[in-house]
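In what follows, a single structure is set out as structure tokens and then discussed.
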Amino acid sequence: MESKLNETSLDFLSSIYHAPCHAQWERMMRCDGLPDPTSVPEMNRYLSLWQADPASATLEGALAKTDQVIHVISELENVMEETRDATEKQLRDWKEIWLQLQEAQKGKLDQATYHQLLDLRPHLDHETMVYSFFTSSPLVSLALWSNTTRSPKNNNHQVKELGFTFTLPADLSEAECVVRVMRTEYDHYSKFARTYNPPLVPETCGELIGEGCGGCGCARLFEGGRWGFRDEEEPEETPREDPPADKEGFRCATSLPPGAPQVSTKKAKPPHYTDTAPGELNLRRYRVQGGVYTVDLLEVPPQPRVLADCRQSLILLIHRLPDSAFWFEPPQMVLWDENKRCWSTDYFHDVKYNEDQCVMQVRTMRLGVMGLAMNRYANLPFQSWEMKPKGASSVSLTLIAAVVVADFTITEGQVCLANLQDGARTALSHLYGKNMKPGALIKTLQFYGINLFPDRDSYCYIDGLPTKHRPTEQHLYRCMALVAPAVHFAWSRWNLLAGKTKLVFQMKTKKLVTDESQVGQPLVLVTPQRTCVLECTEISQSFSNNPEEPNKYYADLYQMVLGDLGSSVRQTVEAASPVFIHTIHSMLKSASVISYC
């Protein structure tokens, strides 16, 4: 039965959610009239009909259509990210229609702005002769303002709905122009930046990234947001005796011949680290949060167009941070540089931030597409974590991060946010109990500025991490997922300093979950060679590698649990469905609790 469970569960881990028929069936059953994102003809037909629709040229029509269009774009992005067997032509066609949809969305909003400015009279204050207009939808907010008398006294305006204030210098306040402030909840710029994706890194040895794969030669390559493995996370049985040096001359320390000179101890940047030019925002370290702001100077119709770069006096911008995101530290104001295709931190001066009121004040000589950049890793590494069973088909995962505490409930195929504490307040309560697939939940939390799930290269930007031997860690997550319905796991304070090849955590069986009085839970040590219960506990005065039972040998956690914890545990493990196991594994792998705590 043990071999049967291994075969059934592990096979499902890599295949159960990649079946295209399941996603197509779900899409068909929605009956929403939207195009199938995998069908290029359907997507082209949708785009053509939308572009030819005269109703979408008006402001009301454009805003009403935005929600649907962004949903279609999002579905197409998911198809491009998740389809494993797509041909080069399919990927090329999908990317082309993806670009056309984004350009069309931008064009529709520009066209709608033009139509709105054709007649200023309905929103003109006849006493001050100042034109002021504001409207919004769930994804787009638009404010227009113009000093039609060109009086220098009317040189500033506050968009109260956006918490955004601008003050024009004297030469611009006397110009015949319209100021447009448009905020979009979506970001169609960051994915075009050079630093959006991790660098392409062929991994010939984990030691090169500080993870110690022992010269296994398991070549891996990150491309297009996915990792491909020659033999995923399973090292070759025979390591290469002398692996070739990489372009910087580094070799695996475990493969150096006896008597060879020691490699320089000078600290080098990890291969996954992304270098940036001066003023270029590193999107591997930061994330543009809280929407994107487009601040333009437009000529009054008949034909609105963006004026040339404003290089006269500085324009004062006062901006209240939007409530749609959590701000754990002061953000950076950034401007999209179309020529360099990156978010730039240049052009902003005299930056001030009021933390109590969440208001940022800057002066700039450039207007355009602006955003607020937040550190992606404000909540990492974790302070602690815990995963325990909650019945036959439910597991809870608690992540105690630097600022927030998040509780997740994992069920068969889905995950929900059970609770989220931001200090003393409860946050995102509207998401509680809402089941989603793991990937969708992770993206939803990131939209609100809560990143609890590190990327492959996140270790490059977080100091003091106990980064572990990756193949061993990844295999451990598979084993933990298989036995999680019956076993309670928790972090250990000894894991941090145990070393790269020693993974340490607490464990107790399901029957002890309710025993809150028990202290000193057993510690489990996992290495590339073996798994064992240690003689020391979490409250021991010192850490010891000595196993509690030296004569017992277990190759991994799964073998140890089924061989040492009794028939009741075995029955619970065997009763769990492969889909449930896969979902647990997805959350563990995404959170990387062993390396990030």
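One-based numbering along the sequence shown. Both backbone and side-chain heavy atoms feed into the values below; hydrogens, waters and symmetry mates do not. Quick caveat: nothing in here was measured; it's all calculated off a predicted structure.
For the pairing with Y353, the side-chain contact (heavy atoms from CB on, under 4.5 Å) check across M360, Q332, Q361, M333 returns one residue only, M360.
For the residue pair N282 / T276, no side-chain donor-acceptor distance below 3.5 Å is found, with atom types taken as modelled. For the residue pair R180/T294, the side-chain donor-acceptor check at 3.5 Å is not satisfied. For the residue pair E386 / H488, a side-chain donor-acceptor distance below 3.5 Å is found, with atom types taken as modelled. K443 and Q446 form no side-chain donor-acceptor contact under 3.5 Å, judged by distance and modelled atom types alone. Remark: the T66 side chain and the Q105 side chain contain an N/O donor-acceptor pair separated by less than 3.5 Å. A donor-acceptor pair shorter than 3.5 Å can be found between the side chains of S577 and E412.
For W385, there are no ring pair (Phe, Tyr, Trp, His ring centres under 6.0 Å) partners at least two apart in sequence or on another chain. Here N156 pairs with nothing under the side chain to side chain donor-acceptor pair (under 3.5 Å) rule; sequence neighbours left out. Scanning for side-chain contact (heavy atoms from CB on, under 4.5 Å) contacts around T409 gives K390, S394, T411, C416, A418, with sequence neighbours left out. A search for side chain to side chain donor-acceptor pair (under 3.5 Å) contacts involving D422 returns R425, not counting sequence neighbours. Residues that satisfy the side chain to side chain donor-acceptor pair (under 3.5 Å) test with Y377, not counting sequence neighbours, are S458. Looking at residues two or more places apart in sequence or on another chain, you find a salt bridge (charged side-chain N to carboxylate O under 4.0 Å, His left out) between E77 and K191. Partners of R341 under the side chain to side chain donor-acceptor pair (under 3.5 Å) rule, at least two apart in sequence or in another chain, are E338. For K106, the salt bridge (charged side-chain N to carboxylate O under 4.0 Å, His left out) partners at least two apart in sequence or on another chain are D110.
The backbone N or O of V404 sits less than 3.5 Å from a side-chain atom of N379, completing a donor-acceptor pair. Put simply, the side chain of R478 never gets that close to the backbone of H585: no donor and acceptor are under 3.5 Å apart. Remark: the backbone N or O of V504 is paired with a side-chain donor or acceptor of N495 at under 3.5 angstrom. One N or O on the side chain of T364 and one on the backbone of Y347 form a donor-acceptor pair closer than 3.5 Å. Of the possible polar contacts, one joining the S592 side chain to the K589 backbone as a donor-acceptor pair under 3.5 Å is found. Not one N or O on the side chain of S74 forms a donor-acceptor pair closer than 3.5 Å with the backbone of I70. Distance alone, capped at 3.5 Å, is enough to place a donor-acceptor pair between the Y596 side chain and the Y459 backbone.
Comment: R366 does not engage D346 in a salt bridge, judged by the lack of any side-chain N to carboxylate O separation of less than 4.0 angstrom. Salt bridge status for E473 with K500: absent, with no side-chain N to carboxylate O gap under 4.0 Å.
Ring geometry, F326 versus F328: the interplanar angle falls under 30°, so the pair is classed parallel (tilted spans 30 to 60°). Using bins of under 30°, 30° to 60° and over 60° for the plane-to-plane angle, the ring pair F489/F505 lands in the perpendicular bin.
From I410, atom CD1 reaches atom OG1 of T583 across 8.0 Å, with rounding to the nearest 0.5 Å. Distance check: I594 CD1 to K468 NZ gives 8.0 Å after rounding to the nearest 0.5 Å. Distance check: L380 CG to I462 CD1 gives 4.5 Å after rounding to the nearest 0.5 Å. Atom CD1 in I581 sits 5.0 Å away from atom CG in L482 (nearest 0.5 Å). We find the CG-CH2 distance between D337 and W343 to be 11.0 Å, quoted to the nearest 0.5 Å. In this structure, NZ in K95 is found 12.0 Å from CG in L76, a value given to the nearest 0.5 Å.
Within the 6.0 Å centre-distance limit, the rings of Y461 and Y273 are counted as a close aromatic pair. When ring centroids are compared, H188 and Y186 come within the 6.0 Å threshold.
Note on residues 368-383: pairs passing salt bridge (Lys or Arg N to Asp or Glu O under 4.0 Å), not counting sequence neighbours, are R376-D455. Counting only residues at least two apart or on different chains, the side chain to side chain donor-acceptor pair (under 3.5 Å) pairs with a member in residues 316-328 are R183-S324, Y293-H319. Each salt bridge (Lys or Arg N to Asp or Glu O under 4.0 Å) pair with one or both residues in residues 391-401, not counting sequence neighbours, would appear here, but there are none. Listed by first and then second residue, the salt bridge (Lys or Arg N to Asp or Glu O under 4.0 Å) pairs involving residues 351-363 are D350-R363 (not counting sequence neighbours).
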*Would F133 and W145 count as a ring-ring contact (aromatic ring centres under 6.0 Å, His included) if you check the C-alpha gap in whole Å, the side-chain angles of each, and the deciding distance to 0.1 Å?*
CA-CA 6 Å; F133 171 80; W145 178 89; over 10 Å; no
*Passes side chain to side chain donor-acceptor pair (under 3.5 Å), S56 versus K65? Steps please.*
CA-CA 7 Å; S56 64; K65 193 74 171 181; over 6 Å; no
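Taking both residues in full, the closest heavy atoms of L588 and A481 are given as CD1-N, 4.1 Å, listed atom of the first, atom of the second, then distance. The shortest non-hydrogen separation linking P485 to P389 is O-CB, 3.3 Å. Scanning both residues, S190 and L283, for their nearest heavy atoms gives O-CD1, 3.7 Å. Considering all non-hydrogen atoms of both residues, E329 and A378 come closest at OE1-CB, 4.2 Å. Closest heavy-atom contact between A427 and Y432: O-OH, 2.9 Å. Minimum heavy-atom separation, D457 to P199: OD2-CD, 4.3 Å.
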